[in-house]
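Each remark here refers to the structure printed beneath this line.
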Amino acid sequence: CTSGPLLDEVRRLLDQRSEASRAYRAFGEEIGAEEIHVWSRGGIAGVEFAEKPDQSVWKKPDKSGFYLPRQNTSEGKAMMKRLKALPYFPSIQEALPKIGLMGNLPVLIDGRRGVGLSCCVYGWPKKGVLFIKVPWEDVDPAEMEEYLREKEAGRRMSCKLDHLMWEPPAEIVEVKEWEVLKEQDEWRAEESGGDQ
């Protein structure tokens, strides 16, 4: 994808992420944190401190090394309120609905491994190039025809079969995986000054 609503939306989300990052850094400095970590899908994962923080405010709920505010103290609740007031840090996958795809939800299940497969977008927005990985599987055309009849009659709905009917908009060109990998290698080499 080199133009159109998907690229525009990814750029908008990246601008929103930059604003959120600035707010997170300022807040981190204010509370003495080294870093505020976010989930790739958006939202705050936890806060990292160089030294053990005030235990009446912070707790370490898992082995990640990140702290979250306590929910059983007034100080912790106040800190959680402040964290929740920080700007939202979006995932760029949230741009996929602009082209009719779901971003953070599995659209197909790999029956061999029982793994949910999702669409994803990645690339170099500054260069004006995005890649969209769209999971796919072959379905018997007779099954698809039957599904379309049942859907039109209001008797059936299938996210999987709806996904398999998706057609890319005109601004998106289908490429082979090896072409994507070749392009990525060239750009990485260019960014590193040709050291790869």
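Because only heavy atoms are used, hydrogens play no part in the values below, and waters and symmetry mates are left out as well, while side chains stay in.
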Exercise for the section: Could you tell me the separation between the SG atom of Cys119 and the NE2 atom of His163, rounded to the nearest 0.5 Å? Expected result: 4.5 Å
Exercise for the section: First locate atom CZ of Phe89, then atom CZ of Arg17, and finally report the distance between them rounded to the nearest 0.5 Å. Expected result: 3.5 Å
Problem - Hydrophobic cluster partners of Leu14 (side-chain heavy atoms under 4.5 Å) - result: Leu6, Leu7, Val10, Ile92, Leu96, Ile99, Leu101, Val121, Leu130, Ile132, Val134, Trp166, Ile172
Exercise for the section: To the nearest 0.5 Å, tell me how far Thr73 OG1 sits from Met79 CE. Expected result: 10.0 Å
Practice task
Side-chain contact test, heavy atoms from C-beta onward, threshold under 4.5 Å: evaluate it for Gln16 versus Pro90 and give yes or no.
Solution key: yes
Fill in the blank from the handout: Scanning both residues in full, the closest heavy-atom pair of Pro5 with Glu171 reads CD-OE2, 3.4 Å
Exercise for the section: Please test Arg25 against Glu29 for salt bridge (charged side-chain N to carboxylate O under 4.0 Å, His left out), starting from the C-alpha separation and ending with a verdict. Expected result: CA-CA 6 Å; Arg25 278 191 299 277; Glu29 288 174 15; over 6 Å; no
Exercise for the section: Indicate yes or no: at least one non-hydrogen side-chain atom of Cys1 is less than 4.5 angstrom from one of Val129. Expected result: no
Exercise for the section: Would you check if Leu148 and Glu152 make a side-chain contact, meaning some heavy-atom pair closer than 4.5 Å? Expected result: no
Fill in the blank from the handout: CZ (Arg188) and CH2 (Trp124) are apart, to the nearest 0.5 Å, by 5.0 Å
Handout entry: Sidechain N-carboxylate O distance under 4.0 Å for Asp162, Lys151
Key = yes
Problem - Closest heavy-atom pair and its distance - Lys176, Glu179 - result: N-OE1, 2.7 Å
Practice task
Show the numbers, then the answer: is there a salt bridge (charged side-chain N to carboxylate O under 4.0 Å, His left out) between Arg12 and Glu9?
Solution key: CA-CA 5 Å; Arg12 186 191 73 75; Glu9 183 66 2; 2.8 Å; yes
Exercise for the section: Answer whether the closest heavy-atom distance between the side chains of Glu143 and Tyr147 falls below 4.5 Å. Expected result: no
Problem - Within 6.0 Å of CD in Gln71, more than 12 heavy atoms from elsewhere - result: yes
Exercise for the section: Quick one: closest heavy-atom pair of Phe66 and Lys60, and the distance? Expected result: O-CG, 3.6 Å
Handout entry: side-chain hydrogen bond (donor to acceptor under 3.5 Å, both in side chains) pairs, two or more places apart, involving residues 78-93
Key = Glu30-Arg82, Tyr88-Glu94
Practice task
Taking the side chain as every heavy atom from C-beta outward, state whether Tyr24 and Ile44 have any atom pair closer than 4.5 Å.
Solution key: yes
Handout entry: Centroid separation Trp58 to Phe49 less than 6.0 Å
Key = yes
Exercise for the section: Is it possible for you to say whether Ile36 and Tyr67 belong to one hydrophobic cluster, with membership spreading through side-chain heavy-atom contacts below 4.5 Å? Expected result: yes
Exercise for the section: Please tell me if the side chains of Met144 and Met165 come closer than 4.5 Å, counting only heavy atoms from C-beta onward. Expected result: yes
Exercise for the section: Evaluate side chain to side chain contact (heavy atoms under 4.5 Å, CB included) for Lys77 paired with Met80, printing each intermediate quantity in order. Expected result: CA-CA 5 Å; Lys77 288 177 184 177; Met80 181 58 89; 5.7 Å; no
Problem - Residue Lys182 excluded, over 12 heavy atoms near NZ under 6.0 Å - result: no
Handout entry: From CD (Glu183) to CG (Asp185), nearest 0.5 Å
Key = 10.0 Å
Handout entry: Closest non-hydrogen atom pair, Pro125 against Arg11
Key = O-NH2, 2.9 Å
Handout entry: Single-linkage hydrophobic cluster Val175~Trp136, side-chain heavy atoms < 4.5 angstrom
Key = no
Exercise for the section: Report the C-alpha separation of Arg149 and Glu146 in whole Å, then their side-chain angles, then the decisive distance to 0.1 Å, and conclude whether the salt bridge (charged side-chain N to carboxylate O under 4.0 Å, His left out) test is met. Expected result: CA-CA 5 Å; Arg149 281 193 297 276; Glu146 176 65 21; 2.8 Å; yes
Exercise for the section: Answer yes or no: is there a donor N or O on one side and an acceptor on the other, between the side chain of Glu48 and the main chain of Gly46, under 3.5 Å? Expected result: no
Handout entry: Co-membership, hydrophobic cluster, residues Leu161 and Met102, 4.5 Å side-chain
Key = yes
Practice task
Check the hydrophobic clustering (I, L, V, M, F, W, Y; side-chain heavy atoms under 4.5 Å; chains of links allowed) and say if Val57 and Leu68 are grouped together.
Solution key: no
Exercise for the section: State, with a plain yes or no, whether a side-chain heavy atom of Lys160 is found less than 4.5 Å away from one of Leu164. Expected result: yes
Exercise for the section: Working to the nearest 0.5 Å, report the span between OG of Ser56 and CZ of Arg70. Expected result: 8.0 Å
